[in-house]
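Lettering of chains follows the sequences in order, A, B, ..., and the numbering in each one begins at 1.
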Number of protein chains: 2
Amino acid sequence: MSVDAQISRLKPGRRTDIRRENERAILEAAEKVFAEAGFGGATMQLIADMAGLPKANLHYYFATKEDLYRRVVQQIFEIWLDAASSFDNAPGPVEGIGAYIDAKMDISRTHPHGSKVWASEVMHGAPVIQDYLETTLRDWTEGRIAVIQRWINEGKMQPINPRHLLYMLWATTQHYADFGHQIQTLNDGKPLTDKQWREAKASVKDMVLRGIGAI
Amino acid sequence: MSVDAQISRLKPGRRTDIRRENERAILEAAEKVFAEAGFGGATMQLIADMAGLPKANLHYYFATKEDLYRRVVQQIFEIWLDAASSFDNAPGPVEGIGAYIDAKMDISRTHPHGSKVWASEVMHGAPVIQDYLETTLRDWTEGRIAVIQRWINEGKMQPINPRHLLYMLWATTQHYADFGHQIQTLNDGKPLTDKQWREAKASVKDMVLRGIGAI
DNA sequence: CTTCACCTTGACCATACGGTCAGGAAACGA
DNA sequence: TCGTTTCCTGACCGTATGGTCAAGGTGAAG
């Protein structure tokens, strides 16, 4: 570690703090605006207002609207990859897939904006993160398919098609974020309560795990 | 008599035809452009080019961009409502829900653009079709919940939460349209073949029907 | 042929947007 | 205190977009 880095760690420094805090505020505002208006409908002015900064200041930290958008999308992808670890080191589908559903449902509740931005990005043909789909996501998917296939071979679940199981997991869990507005409307216009979220998670886990013959 | 003349005689009238044909072409182009670029990213010029008409002509048939968009969204909603009839008059969940999955999966394949437009609309808070959600969709949902509850009471399936079953059906079937690009990327960049679509439908039906204890 | 309703479209306009820039303020090290 | 780097921001610019309009074309009815 360099001397500079040591000093930097001991004394965070006003400068560093300013940059970090402003970038954080901008990314948070951008995530919300991109989610609610889409890339084309979002404006730098609106993001700036929501972040409490002049528009010109945004361009100081993020050169272009695309740069800012790319950062937001990457952020979500990393959160999802982290959640994917729930899958690993599980003795069987009940624990592994159960934990994965729990993790993805929690993210749908805590990061609904990010989920929508991702969905929008993919729906528009993934112009920004196509390389991630072809590398990281593809590798991750193949790995989990192998795990699921192993569970099938070990007789721990029915011989279903692992790929379509993954699609069902993604679709179902992300639906609670992406279509949260529709769900809220069908819930008398009120957001799901803690109890209702627990019920949702339990329902999804029950149907999926029974559907693959794991329970 | 020529074929043209025969067709011409069958046609109700040139005027009506022109309007119908142009509106059809505009709506078809608009559905695609709105799906691929979002409402904010779509431009009337691009829709016009794709429909093969001057931009000013679009505004002759559809006063504003919002009007055109609204028509596109309503069109999809009606298609989905039609598919919902698969649910009715079924003796049990295997036939009713099985047919509904078939119908929704077919729509995901034949109308991927419309599905994306709908998803985008809901994700952005349903600014245009909120009233549909609160009336038609809510009524339809309550009706199907009653049907599912009846099947449960009759012992034809496990006592799962009907509401979350519906969400799972919507999420899973529409995923094949909305996230079609991601699925294609994970399929070596190639669209699903007929065989793969049959496999997808079978997998979804198998997992769902088993998940609710109907098979 | 004339009339009239309907259709077509190039040219145009006001606005809003992404992005730039110059000049100044604030923080920091020496 | 002084010099240097980083940060801040009002004013500005070129462009693209949704929408308008007036003039002209077209076909069917009488």
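- Within 4.0 Å of Phe62(A), counting heavy atoms only, lies no atom of the nucleic acid at all.
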- Message: Apply salt bridge (charged side-chain N to carboxylate O under 4.0 Å, His left out) to residues Arg20(B) and Asp17(B) and explain how you reach the verdict.
- Response: CA-CA 5 Å; Arg20(B) 183 164 38 220; Asp17(B) 282 355; 3.1 Å; yes

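- Between the C1' atom of dC13(D) and the NE2 atom of His59(A) lies a distance of 13 Å, rounded to the nearest Å.
- OP1 or OP2 of dC7(C) lies within a sub-4.0 Å distance of a side-chain N or O belonging to Arg19(B).
- Between the P atom of dG27(D) and the CG atom of Asp17(B) lies a distance of 13 Å, rounded to the nearest Å.
- With a 4.5 Å cut-off on side-chain heavy atoms, Asp88(A) and Arg144(A) count as touching.
- Put simply, the side chain of Lys65(B) and the base of dG19(D) share no donor and acceptor less than 3.5 Å apart.
- Atom-to-atom, CD of Glu66(B) to C1' of dT17(D) comes out at 12 Å; the value is rounded to the nearest Å.
- We find that CG of Leu46(B) is positioned 14 Å from P of dA16(D), with the value rounded to whole Å.
- When distances are taken from the side chain of Ala56(B) to each of dG18(D), dT8(C), dG10(C), the shortest belongs to dG10(C).
- As rounded to whole Å, 17 Å separates atom C1' of dA16(C) from atom CE of Met44(B).
- Asn22(B) has a side-chain polar atom (N or O) that falls below the 4.0 Å cut-off from OP1 or OP2 of dT8(C).
- Taking every side-chain heavy atom of Pro54(B) into account, dT9(C) is the closest of dC7(D), dG18(D), dT9(C).
- Residue Gln45(A) contributes atom CD, which lies 11 Å from atom C1' of dG18(C) at whole-angstrom precision.
- Taking the six-membered ring for Trp and thresholds of 30 and 60 degrees, Tyr176(A) and Trp197(A) have ring planes inclined between 30 and 60 degrees apart.
- Distance from the side chain of Asn57(B) is smallest to dT9(C) among dT9(C), dC8(D), dG18(C).
- Note: Phe77(A) and Trp118(A) meet the aromatic proximity criterion, with ring centroids under 6.0 Å apart.
- Of the candidate nucleotides dT8(C), dC17(C), dG19(C), dG19(C) has the atom nearest to the side chain of Thr64(A).
- Put simply, CG on Leu58(B) is 15 Å from C1' on dG10(C), counting in whole angstrom units.
- Residue Ile26(A) contributes atom CD1, which lies 12 Å from atom C1' of dC8(D) at whole-angstrom precision.
- Considering only heavy atoms from C-beta on, Leu186(B) comes within 4.5 Å of Arg163(A) through its side chain.
- Taking the side chain of Tyr60(A) as heavy atoms from C-beta on, and the options dT9(C), dC8(D), dT20(C), the nearest nucleotide is dC8(D).
- Here Ala42(A) lies in heavy-atom contact (under 4.0 Å) with sugar-phosphate atoms only.
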